Amino acid sequence: MQTARGRAWGFFVVLVILVIALLVNWYQSRDVFTGAGGPFPAAFAAGAPIAPDHVVRRTPDEHALVHGLFLQDTAFGVTAVNLRTGREYWRYERRGAKEISWDFKVSERTVIVGHDDGRLVGIDLRTGRLLWRVEIREDGYRSVELAGGQVVTDAHGAVRAFDERDGRSLWTVKMPGSCPEALVHSVHVLPDRLSAVHVMCNVSSLDRDEYELLLGVDNRTGRVLWRQRTVDPKLTVWGDGHTLAAPAPDHPQTIRLLDMNRQGISPRATLPLDEREVVAGGSGTVLSATDPRDHSEDHDTLLRAYGTRDGHLSWQLRAPTGQEYGFPEIADGRVYVVRQPYLTGADTGRRIHADLLVLDADTGRLLRTLRLPPMTTPDDYDYFVKLDIGEIADGTVSIGWRDDQGDLLIATD
């Protein structure tokens, strides 16, 4: 009798331990969604700010701006912060130290988070609630792009698309045999159900040819309409509609305006540039930046604007002596660019003042100047130490160091 009781008690202890282990495992693997804390913040404006006049927030983190929210990467998830109050609006975290989030993207309705074990998570922007999760079940870094209501990501030997709101698998594009490892760099949705998908091939392979590929994909069916080798996507700039400005692969000093449609890619115009690259596009304009004194890659002291239809010079803007420009952005017919002191290696750790300029994209006319608070140049100096425009959305502009070191400023009107 006593032996039977001992066995029963032992069985009970083992059962309790198993239940506790299962609960711990469930708890550690469970995603945490805090949900919205308060009413959804109203956006500051319908579009980009016309006249930003003050800085509302500083932060060192990667970010996205939408509808009065500032979204930050937390390594294991993402948090949304109310720009007006600085308070957390909602937070998503994934339990377990191994499931690092590699990338997140934001639309006007949805936040997509990608993890290093292949999990994709869709979150409602307004409520912070889980919409869906998908398990691709492939470890390693992958990029996530969100365009035209579709989440586009890379899988082994393929590019896959999912529905933004419910996570349904929409289409899969098999990559050619010469590109078994593809990294999606960017996706642009064009009219006529056409998506231009910019893919980097074999970037992590030492024994294969590394190259860039541009795919024209029917985003209803996933059928590849055309494919073309291209240049490093960081050297390309998307204009309006069907326009892409990019160096010619065989003549890298020649910048072409390319027209894209379902039939293919065709050159529209060649920019009369002797600079190294274009730096921004939008509102019928593409911008180049250079130092005409020595064609330096370290400093940009001259901005030139060209029309996207014919490639003709529209206007140019030269920085005052001792100053230079960061990389600009174009939104809603306006150019946003930071003008700062001309920095050298001796300026490491120096606190500088800079100005945010707002220009008319068609004419280059100065619309607004905002004096920025002092910022300290990063300790690890290189030629990328410049204050560039990050995001422009809902009446806000984010500004940060090009090498992602140091504080980020957010200005609003």
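Keep in mind the model is a prediction, meaning the values are calculated, not measured.
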Q | Trace of the side-chain hydrogen bond (donor to acceptor under 3.5 Å, both in side chains) decision for Thr153 with Glu145 | A | CA-CA 6 Å; Thr153 188; Glu145 296 297 324; over 6 Å; no
Q: Might you work through the salt bridge (charged side-chain N to carboxylate O under 4.0 Å, His left out) test for Lys234 and Asp232, ending with a clear yes or no?
A: CA-CA 5 Å; Lys234 293 187 289 294; Asp232 186 339; 3.4 Å; yes
Q: Would you check, one step at a time, whether the test side-chain hydrogen bond (donor to acceptor under 3.5 Å, both in side chains) holds for Asp300 with Thr290?
A: CA-CA 4 Å; Asp300 295 328; Thr290 189; 5.4 Å; no
**Q.** Worked check of salt bridge (charged side-chain N to carboxylate O under 4.0 Å, His left out) between Arg309 and Asp259
**A.** CA-CA 10 Å; Arg309 295 308 308 171; Asp259 186 77; 5.2 Å; no
Q.
Let's go through Val189 and Asn219 carefully: what are the C-alpha distance in whole Å and the side-chain angles of both, what is the deciding distance for side-chain contact (heavy atoms from CB on, under 4.5 Å) to 0.1 Å, and is it a yes or a no?
A. CA-CA 9 Å; Val189 176; Asn219 54 37; 4.0 Å; yes
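Looking at Thr270, Leu271, Leu235 one by one, the single match for side-chain contact (heavy atoms from CB on, under 4.5 Å) with Ile255 turns out to be Leu271. For the side-chain contact (heavy atoms from CB on, under 4.5 Å) with Val121, the lone residue among Val134, Leu131, Leu130 that qualifies is Leu130.
With Ser143 contributing its side chain and His185 its backbone, the two residues share no donor-acceptor pair below 3.5 Å. A donor-acceptor distance shorter than 3.5 angstrom exists from the side chain of Gln340 to the backbone of Leu387, with no hydrogens or angles considered. At least one donor-acceptor pair under 3.5 Å links the side chain of Trp226 to the backbone N or O of Asn261. Put simply, the side chain of Thr363 gets close to the backbone of Arg365: a donor and an acceptor are under 3.5 Å apart. Looking at Lys105, its side chain never comes within 3.5 Å of a backbone N or O of Leu146 through a donor-acceptor pair. The main-chain N or O of Gly333 is found under 3.5 Å from a side-chain atom of Ser283 such that the two form a donor-acceptor pair. At distances below 3.5 Å, not a single donor-acceptor pair connects side-chain atoms of Trp132 with backbone N or O atoms of Leu120. Between the side chain of Thr285 and the backbone N or O of Ala305, no donor-acceptor pair lies under 3.5 Å. Put simply, the side chain of Thr110 never gets that close to the backbone of Arg165: no donor and acceptor are under 3.5 Å apart. Checked by atom type and distance alone, the side chain of Asp154 never pairs as donor or acceptor with a backbone atom of Leu183 at under 3.5 Å.
Side chains of His188 and Ser195 form no contact here, defined as non-hydrogen atoms less than 4.5 Å apart. Residues Val279 and Ser288 have side chains not in contact (no heavy-atom distance under 4.5 Å, counting atoms from C-beta outward). You'll find the side chain of Leu356 reaches within 4.5 Å of the side chain of Ile389, heavy atoms only. Residues Tyr325 and Arg318 are not in side-chain contact: their nearest non-hydrogen atoms beyond the backbone lie 4.5 Å or more apart. Residues Trp90 and Val111 are in side-chain contact: their nearest non-hydrogen atoms beyond the backbone lie under 4.5 Å apart. In this structure, Leu244 and Val237 have side chains that are not in contact, with every pair of non-hydrogen atoms separated by 4.5 Å or more. Proximity of Val197 to Leu214: side-chain heavy atoms (C-beta onward) are nowhere separated by under 4.5 Å. With contacts defined as side-chain heavy-atom distances shorter than 4.5 Å, the pair Val81/Gln72 qualifies.
Under a cutoff of 6.0 Å and an axis angle of 45°, Arg126 and Phe40 form a cation-pi pair.
For the residue pair Ser178 and Tyr211, a side-chain donor N or O sits within less than 3.5 Å of a side-chain acceptor on the partner. In this structure, a donor-acceptor pair under 3.5 Å is present between the side chains of Glu93 and Thr74. For the residue pair Thr301 / Gln323, no side-chain donor-acceptor distance below 3.5 Å is found, with atom types taken as modelled. Side-chain polar atoms of Thr243 and Arg268 form a donor-acceptor pair below 3.5 angstrom. Looking only at atom types and distance, the side chain of His63 has a donor-acceptor partner in the side chain of Ser398 under 3.5 Å away. Arg334 and Tyr336 form a side-chain donor-acceptor contact under 3.5 Å, judged by distance and modelled atom types alone. At a cut-off of 3.5 Å, with distance as the only test, a side-chain donor of His312 or Asp310 sits close to an acceptor on the other residue. Gln150 and Trp171 share a side-chain donor-acceptor pair at under 3.5 Å. In summary, the side chains of Arg350 and Thr376 do not present any donor paired with an acceptor at a separation below 3.5 Å, with no hydrogens or angles considered. Judged by distance alone, the side chains of Thr230 and Glu212 never bring a donor and an acceptor atom under 3.5 Å apart.
Between Asp124 and Arg129, none of the side-chain N atoms (NZ, or NE/NH1/NH2) sits under 4.0 Å from a carboxylate O, so this pair counts as no salt bridge. Here Arg220 does not pair with Asp192 in a salt bridge; the nearest charged N to carboxylate O distance is not below 4.0 Å. Salt-bridge annotation for Arg119 and Asp117: absent, with no side-chain N of the basic residue lying under 4.0 Å from a carboxylate O of the acidic one. Under 4.0 Å is where a charged nitrogen must lie from a carboxylate oxygen, and between Asp166 and Arg168 at least one such pair does. The pair Arg339-Glu324 does not count as a salt bridge, with every side-chain nitrogen at least 4.0 angstrom from each carboxylate oxygen. Between Asp218 and Arg193, no side-chain nitrogen of the basic residue sits less than 4.0 Å from a carboxylate oxygen of the acidic one, so the salt-bridge criterion is not met. For Asp355 and Arg368, the salt-bridge test fails: no basic side-chain N is under 4.0 Å from an acidic carboxylate O.
Summarising the geometry, atom CH2 belonging to Trp401 is positioned 6.0 Å from atom CE belonging to Met375; distances are rounded to the nearest 0.5 Å. Leu372 CG to His353 NE2: the interatomic distance, rounded to the nearest 0.5 Å, is 9.5 Å. Taken from CE in Met175 to NE2 in His156, the straight-line distance is 12.0 Å, to the nearest 0.5 Å. With values rounded to the nearest 0.5 angstrom, Thr308 atom OG1 is found 14.0 Å from Tyr306 atom OH. Distance check: Leu215 CG to Arg227 CZ gives 6.0 Å after rounding to the nearest 0.5 Å. Annotation: the span from Glu329 atom CD to Ile399 atom CD1 amounts to 11.5 Å, rounded to 0.5 Å.
When all heavy atoms of Gly326 and Val337 are compared, the closest pair comes out as O-CG2, 3.4 Å. The shortest heavy-atom contact between Ala80 and Leu69 is CB-CD1, 4.3 Å. Taking both residues in full, the closest heavy atoms of Ser107 and Leu125 are given as O-CD2, 4.0 Å, listed atom of the first, atom of the second, then distance. Contact record, Leu287 with Pro328: CD1-CG, 3.7 Å, taken as the closest heavy-atom pair. Taking each heavy atom of Ala331 and Ile392 in turn, the nearest pair found is CB-CG2, 3.8 Å. The two residues Ala269 and Gly311 come nearest to each other via the heavy atoms CB-N, 4.2 Å.
Taking the six-membered ring where tryptophan is involved, the planes of Tyr92 and His115 are perpendicular, since the angle between them exceeds 60° and thus also 30°.
Shown here is Glu108, whose CD atom has no more than 12 heavy atoms of other residues, nucleotides or ligands within 6.0 Å.
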